[in-house]
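Atoms within a ligand are numbered from 1 in the order they appear, just like the ligands themselves. For the numbers below, each heavy atom of this structure counts, side chains included, while hydrogens, waters and symmetry mates do not.
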Amino acid sequence: MRAAVFRGIRHFEMVELPMPQPGDGDILVKVDFCGICGSDLHTYRKGLYIKPGQVMGHEFSGVVNKVGSHVKGIEEGERVVIRPLFDCGECKHCLANRPHLCANSFQAGIGYGKPGGFAEYVVIPNALLNKTVFRLPPEITSQEAALIEPLAVAIHAVEMANLHLNDTVVVLGAGTIGLCISQVVKAIGGCHVIQVDISDLRLQAAKRLGADTIINAAKENVMEQIVSITGKDNFNSGAAADVVFECAGVPSTVSVALKCARFGGQVISVALSEEKTLLDPSIIVQKELSWKGSFGYINEFPTAIDLVKKGKIQLNELVSHLYPIDQVNEAFEKQSDSSASIKVCFQF
Ligand SMILES: [Zn+2]
Ligand SMILES: [Zn+2]
């Protein structure tokens, strides 16, 4: 089968690999669509998280091609999405319903340590219906389904926040995760969503998908604009947003996140960063901020599938480009250009 192997910074190689064989508890999935994740970009640009030699790709939809003899309830030919993070089921985090914080969740996950979806076929180890494998209803296309995994990330992040009616919510970043978060907040309802980015393409998508206010940080003064909506809290000219989602992961957005949250407000960090941030912790103390990280998901896939099925979340609009896997390097360059792309997917 054809597969893209990560060789090092800005370098993938197309190779021919033997057909993978599923074990008794596994299934084999023929990949339909696989997205490029923000974390994949950190690997491509900086060599973070993933070692050379890996077949990456963890956001994919496909069709069940083979089913191991011990697998229950999953049939050949069914369209599915998968939960790629690994959980051991035995550690204190797994036992306390924090499987995403299992020590091996990232490294032993599909597309991180185990072979992923930048290939024609992927083995899904320990295939359990509604736990690691999720059937797709006919209302959801295989293309949108490739974005169910990032939508699960967004749902998890929104569930970390204690949202209230009439809250002002700032979403910093309008990539796939930021656009899913603003849609989830609007689906819950009753909040004013301000979306900030430097890409007009992404901000126009935010507007179409329901953000109340969009701010281009390259052209406008973000703090002034947010203050004009929320009024001012008085620590370092801060604004007064109730909840801020940090989905961009650059030092300037981390600092804006802390500045624009109100006294007693919440900041949820969702983006991974390539650079360290210099910050003044006094702002967290004096504003009594709640600053939480949000990583991956626990069991948000069924909710994500149901929201898309019912038309409450639009995912198709986020897919800006489709590439064949043979153009993997071109696809990563396109995904790196936030002015020209939202979500780049491989189509098999
Ligand atoms: Zn991802
Ligand atoms: Zn565990």
If you count the non-hydrogen atoms of other residues, nucleotides and ligands that lie under 6.0 Å from NZ in Lys292, is the total more than 12?
-> yes

Is the closest side-chain donor-acceptor distance between Asn216 and Asp200 under 3.5 Å?
-> yes

Please check if any side-chain donor atom of Lys66 sits under 3.5 Å from a side-chain acceptor atom of Gln21, or the reverse.
-> yes

Would you give the angle at the Zn ion (ligand 2) between Cys102 atom SG and Cys91 atom SG, to the nearest 10°?
-> 120°

Do any of the N/O/S atoms of Cys94, backbone or side chain, fall under 2.8 Å from the Zn ion (ligand 2)?
-> yes

Angle subtended at the Zn ion (ligand 1) by NE2 of His58 and SG of Cys37, to 10 degrees?
-> 110°

Working for salt bridge (charged side-chain N to carboxylate O under 4.0 Å, His left out), residues Asp242 and Arg262 | CA-CA 6 Å; Asp242 299 287; Arg262 67 164 162 82; 2.6 Å; yes

